[in-house]
Amino acid sequence: MESYTIGQAARLLGVSIDTARRWADAERFPTRREGTRRMVDGPDLAAFCVEAAQEGAEGEEAAHTSARNAFPGIVTGVKLGTVDAQVEIQAGPHRIVSLLTREAVEELGLEVGARATARVKSTSVFIDRV
């Protein structure tokens, strides 16, 4: 079974180490000591990730979409072409780049600093184990 330090857990959750420590102190997910390190077991962290994502979605207006993979974040870059555009979103630790029409970017009012959600629906998803 894989285990993670609080720092690694924080990076995977997309939060600061202090936030991960506060959550652990509040017993939102179990930890154990390995010497001086505080560790989180992989299955416990995975369960907490699912729980935290569900909690975060409760306050949002329900989207009417079949795309279930949603990455809320902030727009960090917009490159406009004549017809097309490239939008970059930072969603926690994830950098997501999308190519879309210039018209769609203008209709959505996408600009650096705007909150946006990248939704992904794909038949080809590659997963690497690190």
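Keep in mind that the numbers below use all heavy atoms, side chains included, and drop hydrogens, waters and symmetry copies. None of the values given here were measured: they were computed from a predicted structure.
- A chain of hydrophobic side-chain contacts below 4.5 Å, direct or via other Ile, Leu, Val, Met, Phe, Trp or Tyr residues, connects Leu100 to Leu80.
- Counted within 6.0 Å of CZ on Arg115, heavy atoms from surrounding residues, nucleotides or ligands total 12 or fewer; the atom is thus considered open.
- Atom CD of Gln86 has more than 12 heavy atoms from other residues, nucleotides or ligands within 6.0 Å.
- Under a hydrophobic-cluster definition in which Ile, Leu, Val, Met, Phe, Trp and Tyr are linked whenever side-chain heavy atoms come within less than 4.5 Å, directly or via other members, Val75 and Phe71 are assigned to different clusters.
- No more than 12 heavy atoms of other residues, nucleotides or ligands shown are found within 6.0 angstrom of CZ on Arg95.
- Heavy atoms only, all atoms of each residue included: Ala114 and Gly109 are closest at CB-O, 4.4 Å.
- Under the 4.5 Å side-chain heavy-atom criterion for Ile, Leu, Val, Met, Phe, Trp and Tyr, Ile89 and Val97 are members of distinct hydrophobic clusters.
- Shortest non-hydrogen contact noted between Val78 and Glu111 is CG2-CA, 4.0 Å.
- Closest of all the heavy-atom pairs between Thr82 and Arg102 is O-CD, 3.6 Å.
- Legend: residues meeting side chain to side chain contact (heavy atoms under 4.5 Å, CB included) with Leu108, ordered by chain and number and at least two apart, are Leu110.
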Inset, instruction - For side chain to side chain contact (heavy atoms under 4.5 Å, CB included), just list the numbers for Asp25 and Arg38, CA-CA rounded to whole Å, side-chain angles, deciding distance to a tenth of an Å, and then say yes or no. - result: CA-CA 11 Å; Asp25 291 343; Arg38 205 164 171 191; 2.7 Å; yes
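- The CH2 atom of Trp23 lies 11.0 Å from the CD1 atom of Ile6; values are rounded to the nearest 0.5 Å.
- Note: Leu99 CG to Lys79 NZ = 10.5 Å, rounded to the nearest 0.5 Å.
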Legend entry - salt bridge (Lys or Arg N to Asp or Glu O under 4.0 Å) between Arg21 and Asp18, intermediate numbers included: CA-CA 5 Å; Arg21 283 188 188 122; Asp18 287 336; 3.4 Å; yes
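- No path of Ile, Leu, Val, Met, Phe, Trp and Tyr side chains, each step under 4.5 Å between heavy atoms, connects Leu45 with Met39, placing them in separate hydrophobic clusters.
- The CZ atom of Arg32 sits 4.5 Å away from the CD atom of Glu34 when rounded to the nearest 0.5 Å.
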Legend entry - Test side chain to side chain contact (heavy atoms under 4.5 Å, CB included) applied to Phe48 and Val40, step by step: CA-CA 11 Å; Phe48 177 73; Val40 183; over 6 Å; no
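- Considering every non-hydrogen atom in both Tyr4 and Gly42, the closest pair reads CE1-CA, 3.7 Å.
- Contact between Pro72 and Ala91 at its shortest, heavy atoms only, is O-CB, 3.3 Å.
- Residues Arg37 and Thr5 bring no donor and acceptor atom of their side chains to less than 3.5 Å of each other.
- The minimum heavy-atom distance between Ala85 and Val105, with the atom names listed, is CB-CG2, 3.5 Å.
- A donor-acceptor pair is defined here as one N or O able to donate and one able to accept, closer than 3.5 Å; no such pair exists between the side chain of Arg11 and the backbone of Gly14.
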